[in-house]
Structure formats: C-alpha cells, structure tokens
Amino acid sequence: MSHNVCVYPGSFDPVTKGHMDIITRAAKLFPEVVVAVLINPAKAGSFTVEKRLNMLRKACAHLENVRVDHFDGLLVDYMHKTGAKVVVRGLRAVSDFENEFQMAQVNHQMAPDVETLFMMTSPECAYLSSSVVREIARFDGDISDFVPPCILEDVKNTLTGNNQ
Ligand code: COA
C-alpha cells in the first residue's frame, strides 16, 4: 500500500448514509479506499463485528475501489502494518472537531508519516449518527432515510430481535 490508499476507520455500528457519503467521495479521490472497522473490546456495540463487516460489504459492493477490513489496537499500528499513509475522517458539526482534533494530533505524534484528512459531511447527513439509527430502529421507526437500502432489513431485524 502507499499514498494511493486511504483508510476510513470507525465503529460502523451500523454503517449509515453519512458514512456512505464520506466513503463514496473518498473513492473518487483515492485509487483505493479501505474501510476499517475497529474491534473495540471496551465497546461491545449493538452489532457483532461480523455483522458490521457484512453490512459494509453489501453497502460498498458497487464501489470497485473500496475494500472492507477490520483492526484492533492502535490505528497507527494498522496504518504501519498495511503501509497506508492517509486516514480519512468526516466532520459533521463543530462538536466533532474537538475529538477529531485530539485524535489527529495524538496519531500525528505517534506516527508523523501518517496524515489525517477531514471531509465535511454533506449537509443532508450532518445530523446522522449510528446511535440515532439504533434508537429509531429499536422502536420500530422508519430508518430508510438513514441507512443504505441494502442493509435496511439487517438493521431492523437485529435491533428488533428478529434475527439474533
Ligand atoms: N456520518 C454519520 N455519522 C458519523 C459520521 C458520518 N460521516 N462520522 C462519524 N459518525 C458517527 C458514528 O456513526 C458514531 O455514532 P455513534 O456514536 O452515535 O455510534 C460516531 O459518529 C463516532 O463514530 P466513529 O466514526 O465510528 O468513530 P469512533 O469514535 O467510534 O471511532 C476510531 C474512531 C476508530 C477512528 C478511533 O477510535 C480509533 O482509531 N481507535 C483505535 C485506537 C487508537 O488508535 N487510539 C488512538 C487515537 S486517540
């Protein structure tokens, strides 16, 4: 891997249209995009890592230069292991800035060879988050505006307990 590859890391619990906005735009800028799901033992999540990976693979199937992977431990270690040099993150609102700024600084301190690039989330996705999707789906609300159509049933079934 090289400068041609960017890594878009996150929890993706589950992937939303907001994430897809960033992935699709990154795929136009980089020859290869790796969407990397963090396996975080401290944060179990509502979906198993397998389910998150499957949903991401379905949602990204039409994007030829997008690959889905997973990692544990430090993001910079994953970057060094794979040789990728660019991390892409989306910024939705001012409230994202502080966390993202801290993460980018810490990562830069540990790995000056890795660059973090920020993309502004499209306005129509600015209010979206995975927890909003989870909450609405749990109460059987309509999430069709918020998640890619191909994973709609997966999300609903898992969160309403039809497919545990
Ligand atoms: N559109 C919609 N929602 C978005 C979004 C977008 N463009 N970007 C982020 N979000 C939402 C997510 O859905 C998630 O919502 P939730 O909190 O309601 O579930 C929230 O923003 C944060 O999600 P995510 O982007 O997955 O970030 P994260 O904080 O879970 O994970 C990592 C960030 C994985 C990059 C970071 O934790 C990491 O690198 N960890 C590895 C350990 C490490 O290296 N630490 C050192 C760095 S400090």
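What you see below is based on every heavy atom in this structure, not just the backbone, and it leaves out hydrogens, waters and symmetry mates. Everything quoted here is computed from the prediction, not taken from an experiment. In each ligand, atom 1 is the first atom listed, and ligand 1 is the first ligand listed.
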- Verify the distance criterion only: is there a donor paired with an acceptor across the side chains of Ser46 and Arg138 at less than 3.5 Å? yes
- Item | Within-cutoff protein neighbour (heavy atom, under 4.0 Å) for atom 22 (C) of ligand 1 | no
Is a side-chain N or O of [X] found less than 3.5 angstrom from the main chain of [Y], in a donor-acceptor match?
{"X": "Asn65", "Y": "Ala27", "result": "yes"}
{"X": "Ser122", "Y": "Cys125", "result": "no"}
{"X": "Arg52", "Y": "Phe47", "result": "yes"}
{"X": "Thr82", "Y": "Met79", "result": "yes"}
{"X": "Arg134", "Y": "Asp13", "result": "yes"}

Which protein heavy atom lies closest to [atom], and at what distance to 0.1 Å?
{"atom": "atom 15 (O) of ligand 1", "answer": "Ser130 N, 3.4 Å"}
{"atom": "atom 45 (N) of ligand 1", "answer": "Leu74 CD2, 3.9 Å"}
{"atom": "atom 3 (N) of ligand 1", "answer": "Leu128 O, 3.2 Å"}
{"atom": "atom 30 (O) of ligand 1", "answer": "Ser11 OG, 2.5 Å"}
{"atom": "atom 17 (O) of ligand 1", "answer": "Ser131 OG, 4.3 Å"}

- Could you check whether the rings of Phe12 and Tyr8 sit parallel, tilted or perpendicular, using 30° and 60° as the cut-offs? perpendicular
Measuring only between side-chain heavy atoms, which start at C-beta, is [X] closer than 4.5 Å to [Y]?
{"X": "His80", "Y": "Val114", "answer": "yes"}
{"X": "Phe118", "Y": "Phe101", "answer": "no"}
{"X": "Tyr78", "Y": "Val34", "answer": "yes"}

Near [X], which atoms of ligand 1 are under 4.0 Å from a heavy atom of that residue?
{"X": "Ile22", "result": "7 (N)"}
{"X": "Pro9", "result": "35 (C)"}
{"X": "Gly10", "result": "26 (O), 34 (C)"}
{"X": "Thr16", "result": "2 (C)"}
{"X": "Lys43", "result": "30 (O)"}
{"X": "Thr121", "result": "7 (N)"}
{"X": "Gly73", "result": "41 (C), 42 (C)"}

Looking at ligand 1, does [X] have a heavy atom less than 4.0 Å from it?
{"X": "Gln102", "result": "no"}
{"X": "Ala36", "result": "no"}
{"X": "Asp13", "result": "no"}

- Message: Going by the rule salt bridge (charged side-chain N to carboxylate O under 4.0 Å, His left out), which residues pair with Lys81 if we only count those two or more places apart in sequence or in a different chain?
- Response: none
- Item | Any N/O pair Asn107/ligand 1 closer than 3.5 Å | no
- Task: Check whether any N or O atom of Phe71, backbone or side chain, sits under 3.5 Å from an N or O atom of ligand 1, and answer yes or no.
- Result: no
Heavy atoms only: which of [options] is nearest to [atom]?
{"atom": "atom 5 (C) of ligand 1", "options": "Met79, Met119, Arg92", "answer": "Arg92"}
{"atom": "atom 35 (C) of ligand 1", "options": "Arg89, His19, Met110", "answer": "Arg89"}
{"atom": "atom 48 (S) of ligand 1", "options": "Gln105, Arg134, Met103", "answer": "Met103"}
{"atom": "atom 40 (N) of ligand 1", "options": "Leu75, Leu38, Val7", "answer": "Leu38"}

- For Leu63, side-chain contact (heavy atoms from CB on, under 4.5 Å) partners two or more places apart: Met20, Ile23, Thr24, Val66
- Item | Glu135 atom CD: more than 12 heavy-atom contacts under 6.0 Å | no
